[in-house]
2 protein chains.
Amino acid sequence: MHDVAREAGVSAQTVSRVIRSPGLVKEETRNLVRATIERLGYVPDSTASDLASNRSRFVAAVIPSVSMSIYEDAVRALSSELLAAGYQLLLGNTEYSLDSEEATIFAFLGRRPEAMVVVGVDHTDRAKALMRQSGIPIIETMDLTDTPIDTVVGYSNKVATATLTRLLLTRGYKRIVFVGGEEDARGIERRQGYLQAMAEVDLSALSLETGDHPSLMSAGISGLKKALELQPRTDAIIFFNDASAAGAILECQRAGIQVPGDIAICGFGDFEVAAHLNPGLTTVRILSHDIGKRAAQVIVDRLSGADPHPKIIDIGFEIIERCSIREK
Amino acid sequence: MHDVAREAGVSAQTVSRVIRSPGLVKEETRNLVRATIERLGYVPDSTASDLASNRSRFVAAVIPSVSMSIYEDAVRALSSELLAAGYQLLLGNTEYSLDSEEATIFAFLGRRPEAMVVVGVDHTDRAKALMRQSGIPIIETMDLTDTPIDTVVGYSNKVATATLTRLLLTRGYKRIVFVGGEEDARGIERRQGYLQAMAEVDLSALSLETGDHPSLMSAGISGLKKALELQPRTDAIIFFNDASAAGAILECQRAGIQVPGDIAICGFGDFEVAAHLNPGLTTVRILSHDIGKRAAQVIVDRLSGADPHPKIIDIGFEIIERCSIREK
DNA sequence: TTGTAGGCGTTATCAA
DNA sequence: TTGATAACGCCTACAA
């Protein structure tokens, strides 16, 4: 910046003003400075700017996996809304490990973000303490809780899966199996929803685990096989998500198992593939885009002083019925 | 930090040392300081640290879309390798626009990253100038060029698609259509590979565009319909990627079109779904994980002074033949 | 409209 | 092994 100032024959402060609040600088000076900036290829140092102004313009987001379809829309909405408000998104992966989440949260807090978005409501004690102490808005997403660290924007995995299960029950399915992972917090919630709905009607439940990667198509295939082996008369399976459900549907095509004639298949998430499968996949649509957008709004409003948002924001979900279960 | 120093009865410098180079501090003092840090919940301010030490420990990565499967493995490998080396990944989306890429690059350079990873070799002139001027290692990925800004780690989209096309030609296919987008630089390269291979054997080519989102399954469906309409005797289609190819295969199932009996279908990328479709999808496997890992190695070595890497690193590709094309 | 002084929280450097 | 001092590059506050 001093180079630019010297070259342009003005003070460093004037250069700073041309960048931050150009309106305060005489047009002539402003143009001269801008030309000099351009000529020298000067890029302002945000690090120094952050320190001096005590504003990082960072919003941190910590998600299990950047690549999961279900987070994709949320990240996109979050990112574009925040970008428009002048914030940069600091994105971190946790690969579905709470310890890794804690480490990422710690590292990110060191960058002094102005707000932080995390996925889920399940965190290590230290991670929770860190977030609480940070004093910045913390938005938990993709799930609900009565006791958010600060604000939660999401839907109930448990209620959603219970609702889906009840739909199957009203269609006369009785031997319904749930196939999911064992570790993922959202998977556990989904399982509980299933168990609850089965318990309500006094049906015996069968819940299978497919190991560490319940969101792979191959997990759907092995889950399907396992279910048919343990309970040959299984008439419906609810999978952890649409990827594993898609794996199962494609496996049924190969094995000559009719869906929904022989067995009903449901997923979770309403991924792109759900509508294109044969038969189309009955699933739970998560309004990821809305969650990301709403989270961004909460942040922007909070940081600008206003705070018209409740602490618990239920975005809801939709049951999307397609042909992978029988009609009424 | 001063709070910690005061509480522990040492100087700020000692606290700093406990964090940066604990070996230099007497064990007794170190433990005291650590306990105090823990008690106060102190999180070091990386912003100030960056400024003082002139090291950001940031590596910036600018990719078209965090959610594209093809980048997922690369980002994961990059991220984990860099994390292990003590760097943080600053991840940015460009949503496939070069202008947006330029803006992101500018903003990221302001954070003074120590290296930068970008996707592709096609950038605006200003983006190139910015990257060149920055003086940091710049790794272009997912494509190849003879004239990288600094270093390129990738594979040739053109050669890969030409190779795939030639495979179809050796199987006797003659009326081969390419279905892709129009804007994406990698899509353009792929199209050129196709056109070249067709020209080599003097066959007339038909290349279709499906608009802005060639990587959606629905683009595959519309591309398939368009191809059959414009050239009813089409015997093979190469799609922009595995998502659009998957859409086409599923549409063929519905329409009663036999694959590969009536038509052969190929994709690009070897996404998870490729192996599970019926029939399995013939495609080009991109070694994304290797690209991410190699990019990270180049960065780590460069930043540690060594530089044993060439400027052009071809990771190659593999043709994965499955049943969506006829056998020899 | 522009310039000057001081400080943001940390680390490098040198001294003790 | 520890501490004091001066940066790092910018912004806030105030002065001219």
Side-chain angles (χ1 to χ4, degrees), chain A residues 1-34 36-37 40-58 86 88 106-114 133-136, chain B residues 1-34 36-37 40-58 86 88 106-114 133-136:
Chain A
M1 183 153 126
H2 283 94
D3 296 340
V4 175
R6 190 170 359 88
E7 281 288 319
V10 298
S11 76
Q13 188 45 239
T14 300
V15 177
S16 171
R17 275 199 273 265
V18 169
I19 295 164
R20 296 282 149 226
S21 32
L24 299 180
V25 181
K26 189 165 58 169
E27 187 176 346
E28 196 182 319
T29 320
R30 197 194 313 149
N31 291 145
L32 169 64
V33 171
R34 281 196 174 141
T36 313
I37 287 177
L40 299 185
Y42 166 71
V43 178
D45 186 330
S46 329
T47 304
S49 164
D50 287 2
L51 190 59
S53 65
N54 196 28
R55 289 210 46 199
S56 69
R57 281 154 301 140
F58 267 136
Q88 255 180 54
F106 184 81
F108 277 11
L109 285 178
R111 301 288 178 180
R112 299 293 185 265
E114 300 186 34
Q133 274 205 16
S134 69
I136 59 175
Chain B
M1 184 153 123
H2 283 94
D3 295 341
V4 174
R6 190 171 358 87
E7 281 287 319
V10 298
S11 75
Q13 188 47 237
T14 299
V15 177
S16 171
R17 274 197 276 262
V18 168
I19 295 164
R20 295 283 148 226
S21 31
L24 300 180
V25 182
K26 192 165 56 169
E27 188 176 345
E28 196 183 318
T29 320
R30 198 195 311 152
N31 292 146
L32 170 64
V33 171
R34 282 197 174 138
T36 313
I37 286 177
L40 298 186
Y42 164 71
V43 178
D45 186 329
S46 327
T47 304
S49 166
D50 287 3
L51 189 60
S53 65
N54 195 28
R55 289 212 45 200
S56 69
R57 281 154 299 142
F58 267 136
Q88 255 179 53
F106 184 82
F108 277 12
L109 285 178
R111 302 287 179 181
R112 298 293 186 264
E114 301 186 31
Q133 275 206 14
S134 69
I136 60 176

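No experiment lies behind these values; they were computed from the predicted model shown. Letters go in sequence order (proteins before strands), and every chain restarts at 1. Both backbone and side-chain heavy atoms feed into the values below; hydrogens, waters and symmetry mates do not.
Between the C1' atom of C/dT11 and the CZ atom of B/R57 lies a distance of 11 Å, rounded to the nearest Å. Note: CG (A/D3) to P (D/dC8) measures 12 Å, nearest angstrom. Atom CZ in A/R20 sits about 9 Å away from atom P in D/dC10, given to the nearest Å. D/dT2 atom P lies 9 Å from atom CD of B/E28, rounded to whole Å. Rounded to an integer number of Å, the gap from B/L32 CG to D/dT2 P is 10 Å. The NZ-P distance, from A/K26 to C/dG3, rounds to 10 Å in whole Å. A straight line from CG of A/L24 to C1' of D/dA13 spans 14 Å, rounded to a whole angstrom. When the C1' atom of C/dT10 is taken as reference, atom CZ of A/R111 falls 13 Å away, rounded to whole Å.
Here the nucleotide nearest the side chain of A/A48, chosen from D/dC11, C/dT2, D/dG9, is D/dG9. Taking every side-chain heavy atom of B/S53 into account, C/dT11 is the closest of C/dT11, C/dT2, D/dC10. In this structure, of C/dT11, D/dT1, C/dC8, it is C/dC8 that holds the atom nearest to the side chain of A/A52. With C/dG3, D/dA4, D/dC11 as the candidates, the nucleotide lying closest to the side chain of A/T14 is C/dG3. When distances run from any side-chain atom of A/L51 to the nucleotides C/dG3, C/dG9, D/dG3, the shortest one goes to C/dG9. When the nucleotides D/dG9, C/dT11, D/dC11 are ranked by their closest atom to the side chain of B/M1, C/dT11 comes out on top.
Comparing B/G9 and B/N54, the nucleotide of DNA chain D nearest to each residue sits closer to the 5' end for B/G9. Projected onto DNA chain C by closest heavy-atom contact, B/R17 and B/H2 fall at different nucleotides, the more 5' of which corresponds to B/H2. Comparing B/V25 and B/R112 against DNA chain D, the residue whose closest nucleotide sits nearer the 5' end is B/V25.
Residue contacts shown for A/S46 are absent, as no nucleic acid heavy atom lies under 4.0 Å away.
Side-chain contact between B/L51 and B/T47 is absent, with no heavy atoms from C-beta onward closer than 4.5 Å. A heavy-atom distance below 4.5 Å is found between the side chains of B/R30 and B/V18. Side-chain contact between B/I37 and B/I19: present, with at least one pair of heavy atoms (C-beta onward) separated by less than 4.5 Å. No side-chain heavy atom of A/F108 sits less than 4.5 Å from a side-chain heavy atom of B/S46.
Between B/S11 and D/dG3 there is a side-chain N or O to OP1 or OP2 distance below 4.0 Å. Distances shorter than 4.0 Å separate some side-chain N or O of A/Y42 from OP1 or OP2 on D/dC10. The side chain of B/S16 places no N or O atom within less than 4.0 Å of a non-bridging phosphate oxygen (OP1 or OP2) of C/dT10.
Partner of B/D50 under the salt bridge (charged side-chain N to carboxylate O under 4.0 Å, His left out) criterion, chosen from B/R57, B/R111, B/R55: B/R57. Here the options are B/L32, B/V25, B/N31, the test is side-chain contact (heavy atoms from CB on, under 4.5 Å), and the partner is B/T29; only B/V25 passes.
Counting atom types as modelled, A/Q13 pairs a side-chain N or O with a base atom of D/dT12 as donor and acceptor under 3.5 Å.
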